[in-house]
Amino acid sequence: MSHSPGPPVVTRFAPSPTGYLHIGGGRTALFNWLYARGRGGKFLLRIEDTDRERSTPEATAAILRGLTWLGLDWDGEVVSQFERRDRHAEVAHEMLARGTAYKCFSTAEEIAAYRAAKEAKGASYAVFVSPWRDADPATFPKAPYAIRMKAPRTGETVIEDEVQGRVVIQNATLDDMIVLRSDGTPVYMLAVVVDDHDMGVSHVIRGDDHLNNAARQQMVYDAMGWTVPVWAHIPLIHGPDGKKLSKRHGATGVEDYQAMGYPAAGMRNYLTRLGWAHGDAEIFTSAEAMQMFDLSGIGRAPARLDFKKLENTCGHHMAMAEDAALLHELEAYMIAVDRPALTEPQRGLMLAALPFLKKSAKTFPELLDKADFLLISRPVVPDEKAAQALDPVSRGILKSLTPQLQSANWTKEALEPILTEVAAANGIGFGKLAAPLRAAIAGKSVTPSVYDMMLVIGQDESIARLKDASS
RNA sequence: GGCCCGUUCGUCUAUCGGUUAGGACACCUGGUUUUCAACCAGGUAAGAGGGGUUCGACUCCCCUACGGGCUGCCA
């Protein structure tokens, strides 16, 4: 970016606490986080809980959990929009005093009737124009009123959007939106603007379902004489079929992905690349993403979720991960999906196995499956295929092998010649010997390398398992 | 209905008037190999359709089709 300090970058994520953290919301949060963190700015979190009917503390907790799992840390306290309602009302009244808003005594029924009449006359659209817009205060009834913004009726409002470009909205297509309800509570459209202004938000990066709303919100900024933030409306995420991502596509919540065992770093990488690109960059760390991320790299078309690519990306991050950190995340995953915790000995074995296990696993369930040999204890019960590999002849070979193993140095270098010689002495290829070994050690026909397994569980345990299987 | 946004391989995308339209995932083939993976090499595969503008359009303009969003005293 530029060398001069410039104005501080402040971004925010502002979800409604009406459910879990949607994967699309997670990506929106990620983009805001990346943008702020890459520029030494702040990333704020605000819960838009002004809808008291639908907002729940459970949903807020779920959203915070989702963000935390994704590794997106926010600055300062979580702001509750609802708790700022007095401030919102204050601004509404200031607009009233400035003459940029007015009291509207129209009832819901009157408004509905107005629209119905317009439509009956064949109007292509029915923008409600309140009869109170320019009414004489002397005519005001003693009744509850809503405060409406006095929006320009002619001309156009231009949104200069970093992603969508220059978007022009005709003012005549917008009605005078209500900023304060007749019960005195603020409406979302007012609250976002007031909060974003008060919180010093410099860049509003959010879903493009708000693109049209931006025009009305910009009018509030103008009415209050506030600086309009930089707009960046990003396309929503779609399901594999190109339709808006919904529950019927399966996983839509960030926590669903955690439960499926994707590592968070891989998830961040994948989500960053979904709808954003920087040349040919595909696999990168979050630190690298912060350096590269920019608004101009965001695409204008909605992107589809592709699980295969997600898995591939996660596989890279699994392999890149540092062993201790990976073990930590693995254990967090096991707790999240209610699997029994690792015992101390198992942790040690896992740590020893991670260097090779992580190279080929893409998710934690896959990692755990490959680590099964170190999780089980004697006697190893072979599955059907493994049992087939333990035929009488093979068991005889295993039996003849144990004395040699007993006196061997427990390193791959020492083990290799022993096993290849035994295979040769029996007139079979190493593959034919590996199968019963695998069966005896892991009880399965698909496992990591027999050398790797034997080295991890150790000499005594290896020999004991071979004896179990050959006796 | 009105308004707004979008449309490059199956998918994510690069390209910012002149390229054999590049990369990644997936898929196919081959290699490596003690199984599954992983890994290595190669391959198939794209500018929604139609008009313009231009010496030259994936790139700029218009129309159509398709997809999405907004149109609330919801957020």
Side-chain angles (χ1 to χ4, degrees), chain A residues 14-18 48-51 53-55 81 104 106-108 111-112 119 122-128 144-148 159 161 163-165 167-170 172-175 177-183 185-189 191-192 207-216 233 235-236 238 240 242-244 270 273-283 296-297 299-313 315 319 356 359-362 366 369-370 385 389 419-420 423 429-435 437-439 442 444-451:
Chain A
S16 305
T18 55
E48 312 230 306
D49 51 0
T50 55
D51 184 340
E53 298 293 302
R54 299 193 299 157
S55 300
Q81 188 159 67
C104 174
S106 296
T107 63
I111 297 168
E119 269 172 47
S124 52
Y125 55 90
V127 171
F128 174 69
Y145 58 86
I147 295 181
R148 280 184 189 274
I159 298 296
D161 194 283
V163 175
Q164 308 289 340
V167 180
V168 181
I169 313 277
Q170 295 303 316
T173 65
L174 265 24
D175 60 9
M177 72 163 176
I178 286 178
V179 290
L180 203 68
R181 300 187 184 96
S182 49
D183 64 1
T185 60
V187 113
Y188 158 79
M189 291 282 208
V192 231
D208 70 3
D209 47 337
H210 286 291
L211 181 56
N212 287 289
N213 292 338
R216 330 175 81 129
H233 289 91
L236 271 15
H238 284 186
K243 301 288 186 187
K244 192 169 72 163
Y270 176 73
R273 272 290 285 106
L274 194 59
W276 173 85
H278 185 79
D280 290 339
E282 293 285 351
I283 302 299
S296 60
R300 279 85 46 210
R304 304 181 191 200
L305 224 41
D306 179 358
F307 281 83
K308 284 287 178 51
K309 185 149 187 175
L310 203 212
E311 276 184 20
N312 180 277
T313 303
F356 60 86
K359 280 192 229 165
S360 59
K362 302 186 181 88
E366 197 183 340
D369 183 56
K370 288 173 188 290
K385 279 193 172 172
L419 294 186
T420 39
F430 184 64
K432 286 282 184 211
L433 175 60
L437 271 173
R438 223 188 299 285
K444 299 202 285 189
S445 57
V446 177
T447 73
S449 149
V450 291
Y451 291 114

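Because the structure is a prediction, the values reported are computed rather than measured. Here is the naming used below: chain letters follow the sequence lines, and residue numbers restart at 1 for every chain.
Considering all non-hydrogen atoms of both residues, A:Leu437 and A:Leu419 come closest at CD1-CD1, 4.0 Å.
To the nearest angstrom, C1' of B:A24 lies 14 Å from CG of A:Leu310. A:Gln170 has its CD atom 16 Å from the P atom of B:G2, to the nearest Å. Rounded to an integer number of Å, the gap from CD1 of A:Ile169 to C1' of B:C70 is 9 Å. In this entry the distance linking NZ of A:Lys370 with P of B:A37 reads 8 Å, nearest Å. To the nearest angstrom, P of B:G72 lies 10 Å from CG of A:Leu174. Between the CG atom of A:Asn213 and the P atom of B:C4 there is a distance of 15 Å, rounded to whole Å. Protein atom CG of A:Asp280 is 8 Å distant from nucleotide atom P of B:G23, rounded to whole Å. Between A:His210 atom NE2 and B:G68 atom P there is a gap of 18 Å when expressed in whole angstrom units.
Listed for the A:Tyr270 side chain is no donor-acceptor partner under 3.5 Å among the backbone atoms of A:Asn312. At least one donor-acceptor pair closer than 3.5 Å links the side chain of A:Asp161 to the backbone N or O of A:His233. Proximity of a side-chain donor or acceptor of A:Arg273 to a complementary backbone N or O of A:Ile283 within less than 3.5 Å is not detected. Side-chain atoms of A:Asp49 come within 3.5 Å of backbone atoms of A:Gln81 as a donor-acceptor pair (strictly under, hydrogens ignored). At distances below 3.5 Å, not a single donor-acceptor pair connects side-chain atoms of A:Glu48 with backbone N or O atoms of A:Val192.
When distances run from any side-chain atom of A:Thr173 to the nucleotides B:C73, B:C3, B:C70, the shortest one goes to B:C3. Relative to the side chain of A:Ser182, the nucleotides B:A14, B:C36, B:C73 differ in distance, and B:C73 lies closest. Out of B:A26, B:G69, B:U71, the shortest distance to the side chain of A:Lys308 is found at B:A26.
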Distances under 3.5 Å between protein N/O atoms and the N/O atoms of nucleotides 62-65 of chain B, please, pair by pair.
none

Between protein and nucleic acid, restricted to nucleotides 5-12 of chain B and to nitrogen or oxygen atoms under 3.5 Å apart, what atom pairs and distances do you find?
| residue | atom | partner | partner atom | Å |
| --- | --- | --- | --- | --- |
| B:C5 | O3' | A:Gln164 | OE1 | 3.3 |
| B:C5 | O2' | A:Gln164 | OE1 | 2.9 |
| B:C12 | OP1 | A:Arg304 | N | 3.0 |
| B:C12 | O2' | A:Arg273 | O | 2.8 |
| B:C12 | O2 | A:Arg273 | NH2 | 3.2 |
| B:C12 | O2 | A:Lys309 | NZ | 3.4 |

Expected rows: protein N/O vs nucleotides 28-34 of chain B N/O, under 3.5 Å:
| residue | atom | partner | partner atom | Å |
| --- | --- | --- | --- | --- |
| B:U34 | O2' | A:Arg438 | NH2 | 2.8 |
| B:U34 | O2 | A:Arg438 | NH1 | 3.2 |
| B:U34 | O2 | A:Arg438 | NH2 | 3.1 |
| B:U34 | O4 | A:Ser449 | OG | 3.1 |

Protein and nucleotides 38-43 of chain B: nitrogen or oxygen contacts under 3.5 angstrom:
| residue | atom | partner | partner atom | Å |
| --- | --- | --- | --- | --- |
| B:A38 | OP1 | A:Lys362 | NZ | 3.1 |

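Nearest-nucleotide mapping onto RNA chain B: of A:Met189 and A:Asn212, the residue sitting toward the 5' end is A:Asn212. Mapped onto RNA chain B by nearest heavy atom, A:Asp209 and A:His278 fall at different nucleotides, with A:His278 at the one closer to the 5' end.
As judged by a 4.0 angstrom heavy-atom cut-off over every strand, A:Thr420 is placed among residues making no nucleic acid contact.
In this view, A:Tyr188 and A:His210 satisfy the ring pair (Phe, Tyr, Trp, His ring centres under 6.0 Å) rule, not counting sequence neighbours. The salt bridge (Lys or Arg N to Asp or Glu O under 4.0 Å) check on A:Arg304 picks up nothing, with sequence neighbours excluded.
Rounded to the nearest 0.5 Å, atoms CD (A:Glu53) and OG1 (A:Thr18) are 13.0 Å apart. The structure places OG1 of A:Thr447 at 9.0 Å from NZ of A:Lys370, a figure rounded to the nearest 0.5 Å.
Between the C1' atoms of B:A45 and B:A26, the separation comes to 11 Å (whole Å).
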